[in-house]
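Okay, so here's the structure we're looking at.
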Amino acid sequence: MSREALLSVEDLSVEFKTRRGRVAAVRSVTFELAAGQCLGIVGESGSGKSQTCFAIAGLLPQSARTGGQIRFKGRELLGASRADFDRIRGREIGFIFQDPMTSLTPHRTVGAQLCEMLQHHESISGAAARQRAIEIMDRVQIPDAEARFSMYPFELSGGMRQRVVIATALILRPALVIADEPTTALDVTVQAEVLRTLRAVVAHAGTALILVTHDLGVVAGSCDEVAVMYAGRIVERAATDTLFRDPQHPYTRALLDCRPTLEQEAGSRLQTIEGVPPSPSSMEVPGCEFAARCPVVMPVCTTARPPLTQRRPGHAAACHQEQSA
Amino acid sequence: MSSPLLRVRNLRVEFALRGGQTLRAVDDLSFDVQPGETLGIVGESGCGKSTLARAILRLTPIHSGSLEFDGKRYEQLTPRQMQPTRRAMRLVFQDPLASLNPRWTIRDAVREPLEIFEPAMSRRERDSEVERWLDRVGLGAGYLARYPHELSGGQNQRVSIARALIGGPRLVICDESVSALDVSIQAQILNLLADLQRETGIALLFISHDLSVVRHISRSLLVMYLGRMVEYGAAADTFANPRHPYTRTLLDAVPIADPARERARRLATGPTVGEVKGEAGSTMHSLSGCSYRPRCRSATALCKITTPALQHGVACHHALTPSL
């Protein structure tokens, strides 16, 4: 990659100690993100996609034990102090959570919350902050921004609230925005609009985006590249088009096949992935974590873990199987 | 045509609000569910899907209209008289963990319906039925003594399905029953429901906001908007040729898991794919005329004056003509 990486995550691990033992949520995750690039992270619950993002944004609980490196604009983020993250979060890394109701304060107007972001990080007058807040509200297509500035979150619909959250994440023009299932709680029509807005704002500002989702459909329309996570690891990474056209990992193929689509014959039998994903608290296995559910498992899969290796430039997969058609 | 298993006519559910207002959550719904068939119900949040499910099960009082199960009216029956109908009509909720009692074992949970509906059955018979059903939903006897928190979401949903099917119901209402599950697990549960339907001949009323899932499982389809039905017909026809602008919008908004086709769709229909003006209104502020008109791109003066009635399966003054 010619452009210098904005974010480079290397061998990241996140573990929790619980009463029932060690929980490895993220295992040896490595990836890079260039400025302005949009990366989708796809996985099922417990795959470690959210914990990876929490680690980048310094949102892990105190009990988490981390390993590896997270370099952002040349600075090491793992182990950065709380004070450091107070400066970075919001200003340099914006975060969009799934539930817009819990990420906004219910007792303050949306305008006040947007201005607070500005005034916390910049010395800016009240009037100027208000001006900037209304501008960003316009940009995320909140109609009648002027009037909605003085409304409380409960007075807005779910889609409007999520637009406010997007505005809050982008108001300080961060270099990176992390959106963790930003549209999962929204209706399908609203989801389409909110995604369109998010894409447009991010492209306009040249912001890099990490979009975490369980929905391959959301990724297909929004991301340049996709990383597929399973049991805490990235099992495949490729340009979005390549991943959908020529998935290399059996898990990626299975994920693409098991989803009912609007095109396939109704009532046809759905492809399934047998069994359940291993829970993060299960014991470390010597081989591939997907082996127990894999349709093309080989003896070697249970004894040696396949590393994430390049299949072709820009396309990596962690599987012992040779490239398949 | 055989007589319908469930017949709903002009069903209306209202809630009284503070200040004398009424919220009409379900407004003049009429439809049938045939024995053994699946009727899918789609619509955005707040459109009245779940209220409809609760009204059919008489879990919420209805304002007017009639409900008929297997040729027998039941909207006026007392709880005691309702008992046989309740046995034949069951519900599977969205969140399996929240709908199972955390202090009951899986055996207790699956056995409870038999204790209510089959008081004459011996304990041994009940237990063997429970084992048979757990086996049938793919769990096996090893799970009998376990508790819901020890099971995954998909496994708990299998338990809920066993609980809903034990004792031989004829209609099962699934209210967003696969929405909280991961895609790989969702596929397993959808296949399981299809298998059980084939084996037992139950009818399904399948409520979901996910159009791909509904299309996969349903033979008939009912599209709701703000408490009213806007389109009703054979699922295959409706998905191939949606006639109500709202149905069209819903379909266009479904993300396609294929970047090339997603781009092609955006090019074909312009950047406005899936675009609706604004969001679903509220059932609280009733509008004159068609309730979809503030978001509709085909709305005219007529839509402001007259509420379109459902004719030939679509409630729209400007129904789209099928593109053949």
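In the text below, chain A, chain B and the rest are named by the order of the sequence lines, each starting its count at 1.
The distance from the CG atom of A:L270 to the CD1 atom of B:I217 is 9.0 Å, given to the nearest 0.5 Å. In this structure, OG on A:S47 lies 8.0 Å from CG on B:D182, to the nearest 0.5 angstrom.
Taking A:L216, A:I273, A:D241, A:D257 one by one and counting their heavy-atom pairs under 4.5 Å with chain B, the maximum is reached by A:D241. The greatest number of non-hydrogen atom pairs below 4.5 Å with chain A, out of B:A194, B:S152, B:A187, is found for B:A187. Heavy-atom pairs under 4.5 Å with chain B were tallied for A:Q271, A:R245, A:R293; the largest tally goes to A:R293.
Across every non-hydrogen atom of B:S212 and A:P260, the tightest pair is CB-O, 3.3 Å. Taking both residues in full, the closest heavy atoms of A:D215 and B:P255 are given as OD2-CG, 4.2 Å, listed atom of the first, atom of the second, then distance. A:E44 approaches B:V183 most closely through the heavy-atom pair OE2-N, 4.1 Å. The heavy-atom pair separating B:S184 from A:C258 by the smallest distance is CA-SG, 3.7 Å.
Under a cut-off of 6.0 angstrom, the local environment of CZ in A:R161 is crowded, with over 12 non-hydrogen atoms contributed by other residues, nucleotides or ligands.
Contact annotation for B:D258: only backbone heavy atoms (N, CA, C, O) come within less than 4.5 Å of a heavy atom of chain A. Using a 4.5 Å cut-off between heavy atoms, A:R259 touches chain B through its side chain atoms alone. If you measure heavy-atom distances from A:T261 to chain B, the contacts under 4.5 Å come from the backbone alone. No part of B:L181 comes within reach of chain A, as not one of its non-hydrogen atoms sits under 4.5 angstrom from that chain.
Side-chain contact check for A:V188 versus B:H209: every heavy-atom pair is 4.5 Å or farther apart.
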